[in-house]
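Presented below is the structure to which this report refers.
Below, chain A is the first sequence line, B the second, and so on; all start at residue 1. Scope of the values below: all heavy atoms of this structure, side chains included, with no hydrogens, waters or symmetry mates.
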Amino acid sequence: DGGITQSPKYLFRKEGQNVTLSCEQNLNHDAMYWYRQDPGQGLRLIYYSQIVNDFQKGDIAEGYSVSREKKESFPLTVTSAQKNPTAFYLCASSTIGTGRYNEQFFGPGTRLTVL
Amino acid sequence: AQSVAQPEDQVNVAEGNPLTVKCTYSVSGNPYLFWYVQYPNRGLQFLLKYITGDNLVKGSYGFEAEFNKSQTSFHLKKPSALVSDSALYFCAVNLFLMFSGGYNKLIFGAGTRLAVHP
């Protein structure tokens, strides 16, 4: 988990509320990612960003939004439009470049529960 | 479609016995393959990777994995299991997407829970 911090570790939200999950990295990585983890489904990509002020939708972006105002930070907002937000959320980062492989490093995760 | 399959939801093994966690993949081209481990309410920890070269890859904590191109498999193995190896294991394949200057996308399997009993 070194180099990537996520906060809070546990988060509770009432239905209809937006909530923002924090992700910070000090690895000087250009790329950052958000994944959602559900039991029996592995990890699914929500959003990714390769550069400040730019980001792309992943496989399950509906009901989520992100921003990338600083290289070190990539917060994820879970909006009220996300129908089933209870899950474990993981942030990751990596270098980018012309090589075909850039290893992703993962943060410790945030467990979101909707009450 | 690019995919990774982990056919076992759970693997049970006695401490001291060898363990195998299975993974098969379906991708075009040469795959970059990974194994990660996750302990409860924690992030993913990197175990090992196959990029090129020897088919037998050695990683952290005594784990190894064998790349088999003809069977499109990348099974995780350890000669002697420990109770502390009990965790959730994920196999993943890296896809390199050329658009937007090059982007690496990880495709994960559903995970296999390893339970090592004393």
Side-chain angles (χ1 to χ4, degrees), chain A residues 1-11 23 25 29-51 54-60 87-113, chain B residues 1-10 21 23 25 27-53 57 59-60 87-113:
Chain A
D1 299 349
I4 303 177
T5 58
Q6 291 186 241
S7 62
K9 187 173 178 67
Y10 299 96
L11 188 57
C23 176
Q25 54 99 1
H29 285 167
D30 289 300
M32 297 187 74
Y33 313 80
W34 274 105
Y35 292 91
R36 171 181 171 137
Q37 183 180 4
D38 296 282
Q41 295 192 49
L43 278 70
R44 293 179 290 169
L45 183 66
I46 304 172
Y47 268 97
Y48 66 96
S49 168
Q50 297 188 92
I51 194 170
D54 186 50
F55 45 83
Q56 306 294 330
K57 293 181 178 180
D59 299 321
I60 55 165
F88 191 53
Y89 291 87
L90 288 161
C91 178
S93 70
S94 75
T95 57
I96 60 172
T98 56
R100 293 192 63 230
Y101 164 61
N102 295 286
E103 181 180 342
Q104 292 186 25
F105 295 83
F106 286 82
T110 292
R111 183 165 298 280
L112 173 64
T113 303
Chain B
Q2 325 278 16
S3 64
V4 174
Q6 293 181 244
E8 303 153 317
D9 292 336
Q10 179 153 331
V21 182
C23 172
Y25 63 90
V27 298
S28 55
N30 295 318
Y32 289 2
L33 295 157
F34 302 83
W35 276 101
Y36 288 88
V37 61
Q38 184 181 39
Y39 296 97
N41 291 312
R42 299 292 299 277
L44 270 64
Q45 296 180 30
F46 170 79
L47 275 181
L48 51 81
K49 65 178 182 277
Y50 172 80
I51 304 298
T52 187
V57 179
S60 307
L88 186 58
Y89 290 80
F90 289 98
C91 181
V93 63
N94 185 73
L95 304 179
F96 182 71
L97 305 176
M98 285 300 298
F99 63 89
S100 298
Y103 153 60
N104 290 275
K105 178 177 181 177
L106 282 175
I107 305 295
F108 285 90
T112 298
R113 189 164 301 280

**Item:** CD-CG distance between Q104(A) and N94(B), expressed to the nearest 0.5 angstrom
**Value:** 7.0 Å
**Beyond-backbone contact of L106(B) with Y35(A), side-chain heavy atoms, under 4.5 angstrom** = yes
**Prompt:** Who passes side chain to side chain contact (heavy atoms under 4.5 Å, CB included) against I51(A), sequence neighbours left out?
**Reply:** D54(A)
**Request:** Please flag which part of L88(B) lies under 4.5 Å from any non-hydrogen atom of chain A: side chain, backbone, both or neither.
**Result:** side chain
**Asked** In Å, rounded to the nearest 0.5 Å, how long is the span from CZ of F105(A) to CZ of F46(B)?
**Response** 8.0 Å
**Asked** With sequence neighbours left out, what residues match Y50(B) under ring-ring contact (aromatic ring centres under 6.0 Å, His included)?
**Response** F67(B)
**Fill in**
Between R42(B) and F88(A) the two heavy atoms that sit nearest each other are O-CE2, 3.4 Å
**Request:** Kindly check if the number of other-residue, nucleotide or ligand heavy atoms within 6.0 Å of CZ (R113(B)) is above 12?
**Result:** no
**Asked** chain A heavy atoms under 4.5 Å from Q6(B): which part of the residue, side chain, backbone, both or neither?
**Response** neither
**Message:** Just so I understand: if I count every heavy-atom pair under 4.5 Å between each of G40(A), C91(A), A31(A) and chain B, which residue has the most?
**Reply:** G40(A)
**Contacting region of L43(A) [heavy-atom separation from chain B under 4.5 Å]** = both
**Prompt:** Non-hydrogen atoms of chain B under 4.5 Å away: do they reach the side chain of Q37(A), the backbone, both or neither?
**Reply:** side chain
